[in-house]
Amino acid sequence: MSDEINDLVRQRIEKIEQYRQKGINPYPSRYRRTHAAEQAKGEFKENEKPQVSVAGRLRSKRVMGKASFAHLEDQSGTVQLYARRDDMGGESYDLFKSLDLGDIVGIAGFVFKTNQGEISIHVEKLTLLAKCIRPLPSVKEKDGVLFDEFADREMRYRQRYVDLIVTPKTRQDFIMRSRIITGMREFLTHRGYIEVETPMMQAIPGGAAARPFITHHNALDIDLYLRIAPELYLKRLLVGGFEKVFELNRNFRNEGISTRHNPEFTMLELYEAYADYETMMQIAEEMVSELAAKLLGSMKLEYQGSMIDLAPPWQRASFVELIKKYSGIDFASIASVDEARRAAESIGIKAPGKMGKWEIAGEVFEEKVEPNLVQPVFVTDYPRELSPLSKSREDDPDFVERFEIFIAGREMSNAFSELNDPFDQKARFEDQVRKREAGDDEAQMMDYDYINALEYGMPPAGGMGIGIDRLVMLFVDTASIKDTILFPLLRPEGK
RNA sequence: GAGUCGCUAGCUCAGUCGGUAGAGCAACUGCCUUUUAAGCAGUGGGUCCGGAGUUCAAUUCUCCGGCGACUCACCA
């Protein structure tokens, strides 16, 4: 708790003292309410006085002598309160007048309609439930327009609880996030998937190219890594005989923070035995478009000024052809690394010496292709060199059965037919180890136990990962990933 | 990690070509028994992010530092 005291806080603390002297407990243990605010309004009947009790936070107050209006807010919405001295008694009315914006109160009374036509609660009994001693940002609202909106982004992230109180969009966006996640669970469980939990602390961090966080287990005296992906554990479960599994939880990557990156982020990963990357495309299309239809009421949405149509089928285009289309470079007809480097440099893309041909192609893709991929598209057939866990194409082993989904210029998903050949997988790991030894600290580590698992036989399978935070960004039309994470990582405030 | 911008009352923001600051809302006092960004009258409230330097004088100028936003780099 902050020890910062200003006059406004002091005044409210003094009110608490006054309440206590009058025998009013400013923090009572419980209050039984009969209705949520929105529900209470639904009880209105002409010429009747339906009794309700509600509880919530006082968000506005208009005292007009011996009568007052206020708005009470709970999670369901807001309801206006009407308090009259003659109906509740002087002492109780004085308490009402002394309330501050932000106080949490219980209200018992009857539902009626004001002259202005707003269904309200006529207060008969007021109970203080929690005194708010810190002043809230004084956001006001008329016809859905906010005045003096709480705008300090730093404060909104650091004190998300305040942001949630005063910024309706923040509340709505996180409810949307919850619905998306719930919707995904339903979608997958209805298809026979089971949800599993695999280690977040791993001795060998695998399944992605990223720098991990390191932690230490004291009793075993070993270093452990926070997982960068659950992939290798989920595929061990395919070996074990679970045929449809998913995990929807956090990954941790020790990398930069940006509008699109938070060190801990939420990923859906799913794996299905006897399926392949084509199956994953169908699941992605169906799941995302169904969620949009259900939660947004439309498969079209506006994201940062662009109209995006999520209705299936989504466009499909190969990695190589997209690069050719947007950069003019045809990597399929380029034989040497030097030639690839010259081609990239000719369009202003740097290609450091240790990069291979397809890594250079990856750079060109990021630079020239990604920003153009506004409508949903499956980018297919990645080079094997960039895909150490994907199964090679049978007709062209230099490429793999893999796709990434791009929407609004962002990678939303990565999926492939899973590499289940232990010999091939071991060779790919060895290749990664060489890159690692050459200084690529994002190359993957050898995982002999994973190879061991594959040696028992993993059924052919399709798998997919979907970045949840980014998908939520799309659905709630926000430019920063921080607006989809309740408590994004910020540097601690120095004192 | 680099660059740009920002940090002034509880909140949203003005402002000071260097002479220690102002508005609206919020708060306090008074009036007001159907208001709703309520209204009217009055009052209080600030180490102007921190430190150092220049100066008679720094919130303002310079430098260093802190935190944030955005862009870039890394990445999903």
Side-chain angles (χ1 to χ4, degrees), chain A residues 4-12 14-15 59-71 78 80-88 93 98 100-102 112-118 120 122 132-159 162 166-167 207-211 228-229 251-269 350 362 366-367 370 404-406 410-414 440-442 465-471 473 479-482 488 490-495:
Chain A
E4 189 186 318
I5 300 284
N6 57 47
D7 287 348
L8 298 174
V9 173
R10 196 170 297 114
Q11 280 166 4
R12 294 185 180 202
E14 281 164 13
K15 279 185 185 174
R59 290 303 316 283
S60 70
K61 194 174 73 157
R62 296 174 291 283
V63 176
M64 299 173 312
K66 296 178 187 65
S68 298
F69 288 91
H71 273 98
T78 62
Q80 182 169 252
L81 308 177
Y82 176 56
R84 229 161 52 153
R85 196 192 64 172
D86 294 352
D87 295 329
M88 56 196 298
Y93 185 68
S98 79
D100 288 296
L101 300 186
F112 77 111
K113 192 186 270 185
T114 66
N115 291 345
Q116 300 298 314
E118 180 167 348
S120 307
H122 194 121
C132 171
I133 61 170
R134 295 202 171 271
L136 291 172
S138 60
V139 180
K140 295 211 173 190
E141 175 268 329
K142 182 184 172 66
D143 302 330
V145 181
L146 295 187
F147 297 82
D148 295 331
E149 199 169 352
F150 189 31
D152 185 325
R153 308 259 272 171
E154 181 176 359
M155 294 307 288
R156 290 179 51 213
Y157 298 143
R158 283 193 199 282
Q159 302 192 66
V162 174
V166 302
T167 313
R211 270 182 279 262
I228 56 176
N251 289 344
F252 307 87
R253 299 191 183 172
N254 204 341
E255 282 158 359
I257 295 173
S258 78
T259 50
R260 292 166 206 188
H261 301 87
N262 193 64
E264 54 178 307
F265 63 101
T266 300
M267 183 89 121
L268 167 66
E269 283 204 14
K350 280 172 281 180
E366 278 181 29
E367 194 73 24
E370 286 187 9
E404 291 193 349
I405 298 169
F406 282 83
R410 276 159 209 199
E411 184 190 339
M412 292 284 170
S413 177
N414 185 16
D440 180 356
D441 54 5
E442 285 175 4
I466 297 179
I468 301 302
D469 314 279
R470 289 187 178 177
L471 190 69
M473 285 171 72
S480 173
I481 198 169
K482 289 189 174 71
L490 299 180
R491 201 180 282 271
E493 280 178 295
K495 284 240 167 170

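For clarity, every value in this text was computed on a predicted model and none was experimentally measured. Chain naming here is simple, since letters A, B, ... match the order of the sequence lines and numbering starts at 1 in each.
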How far, in whole Å, is [M] from [N] if one measures between their [atom1] atoms?
{"N": "B:rA26", "M": "B:rA69", "atom1": "C1'", "result": "26 Å"}
{"N": "B:rA58", "M": "B:rC17", "atom1": "C1'", "result": "15 Å"}
{"N": "B:rU62", "M": "B:rU4", "atom1": "P", "result": "13 Å"}
{"N": "B:rC5", "M": "B:rC74", "atom1": "P", "result": "24 Å"}
{"N": "B:rC61", "M": "B:rG19", "atom1": "P", "result": "11 Å"}
{"N": "B:rA37", "M": "B:rG45", "atom1": "C1'", "result": "23 Å"}
{"N": "B:rA38", "M": "B:rG53", "atom1": "P", "result": "49 Å"}
{"N": "B:rU59", "M": "B:rC48", "atom1": "P", "result": "7 Å"}

[X] side-chain proximity, nearest of [options]:
{"X": "A:F265", "options": "B:rC28, B:rA76, B:rU36", "answer": "B:rA76"}
{"X": "A:R491", "options": "B:rA26, B:rA69, B:rC67", "answer": "B:rC67"}
{"X": "A:F112", "options": "B:rU34, B:rA69, B:rC32", "answer": "B:rU34"}
{"X": "A:S138", "options": "B:rC32, B:rG10, B:rA27", "answer": "B:rG10"}
{"X": "A:F147", "options": "B:rC28, B:rA76, B:rA37", "answer": "B:rA37"}
{"X": "A:L490", "options": "B:rA69, B:rC70, B:rU34", "answer": "B:rA69"}
{"X": "A:S258", "options": "B:rG66, B:rA76, B:rA73", "answer": "B:rA73"}
{"X": "A:S480", "options": "B:rC11, B:rA38, B:rC70", "answer": "B:rC70"}
{"X": "A:D7", "options": "B:rG68, B:rA27, B:rG45", "answer": "B:rG45"}

Applying the Watson-Crick and G-U wobble criteria at under 3.5 Å, what pairs with [N]? Answer none if nothing qualifies.
{"N": "B:rA9", "answer": "none"}
{"N": "B:rC63", "answer": "B:rG51"}
{"N": "B:rA21", "answer": "none"}
{"N": "B:rU36", "answer": "none"}
{"N": "B:rG3", "answer": "B:rC70"}
{"N": "B:rU43", "answer": "B:rA27"}

Short side-chain N/O contact to [N] OP1/OP2 from [X], under 4.0 Å:
{"X": "A:T259", "N": "B:rU71", "value": "yes"}
{"X": "A:R62", "N": "B:rA38", "value": "yes"}
{"X": "A:Q116", "N": "B:rU35", "value": "yes"}
{"X": "A:K66", "N": "B:rC31", "value": "no"}
{"X": "A:K61", "N": "B:rA38", "value": "no"}

Between [atom2] of [N] and [atom1] of [X], the distance in whole Å:
{"X": "A:I481", "N": "B:rA76", "atom1": "CD1", "atom2": "P", "answer": "12 Å"}
{"X": "A:K142", "N": "B:rU35", "atom1": "NZ", "atom2": "P", "answer": "13 Å"}
{"X": "A:N254", "N": "B:rC74", "atom1": "CG", "atom2": "C1'", "answer": "11 Å"}
{"X": "A:R85", "N": "B:rU35", "atom1": "CZ", "atom2": "P", "answer": "19 Å"}
{"X": "A:E154", "N": "B:rG68", "atom1": "CD", "atom2": "C1'", "answer": "4 Å"}
{"X": "A:M64", "N": "B:rC31", "atom1": "CE", "atom2": "P", "answer": "15 Å"}

- prompt: Just wondering, do A:F69 and B:rA38 stack (centres under 5.5 Å, planes under 30°)?
  reply: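 No, A:F69 does not stack on the base of B:rA38, since the centre distance and plane angle fail the 5.5 Å and 30° test.
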| query | Taking N and O atoms by type only, does the side chain of A:E118 place a donor or acceptor under 3.5 Å from a partner on the base of B:rU34? | reply | no
Any N/O donor-acceptor pair, A:S60 side-chain to B:rU36 base, under 3.5 Å: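 By the distance-only test, no, there is no pair.
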TODO: Just grab all the salt bridge (charged side-chain N to carboxylate O under 4.0 Å, His left out) pairs involving residues 139-149 of chain A, residues at least two apart or on different chains.
DONE: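 Pairs touching residues 139-149 of chain A that pass the test: none.
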Item checked: Heavy-atom side-chain proximity of A:R12 to A:R134 below 4.5 angstrom -> no
Nearest heavy atom decides the nucleotide; on that basis, is A:L136 or A:H71 closer to the 5' end of RNA chain B?
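Looking at the nearest nucleotide for each, A:L136 comes out on the 5' side.
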Is a side-chain N or O of A:S60 found less than 3.5 angstrom from the main chain of A:A70, in a donor-acceptor match?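 The answer is no, because no donor-acceptor pair under 3.5 Å joins these two groups.
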Side-chain donor or acceptor of A:R470 paired with backbone N/O of A:M412 under 3.5 Å
no
Heteroatom pairs (N/O) under 3.5 angstrom, protein to nucleotides 12-15 of chain B:
from	atom 1	to	atom 2	distance (Å)
B:rU12	OP1	A:A151	N	3.3
B:rU12	OP1	A:D152	N	2.9

| A:F112 vs A:Y82 aromatic rings, parallel, tilted or perpendicular, using cut-offs 30° and 60°? |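 A:F112 vs A:Y82 ring planes: tilted.
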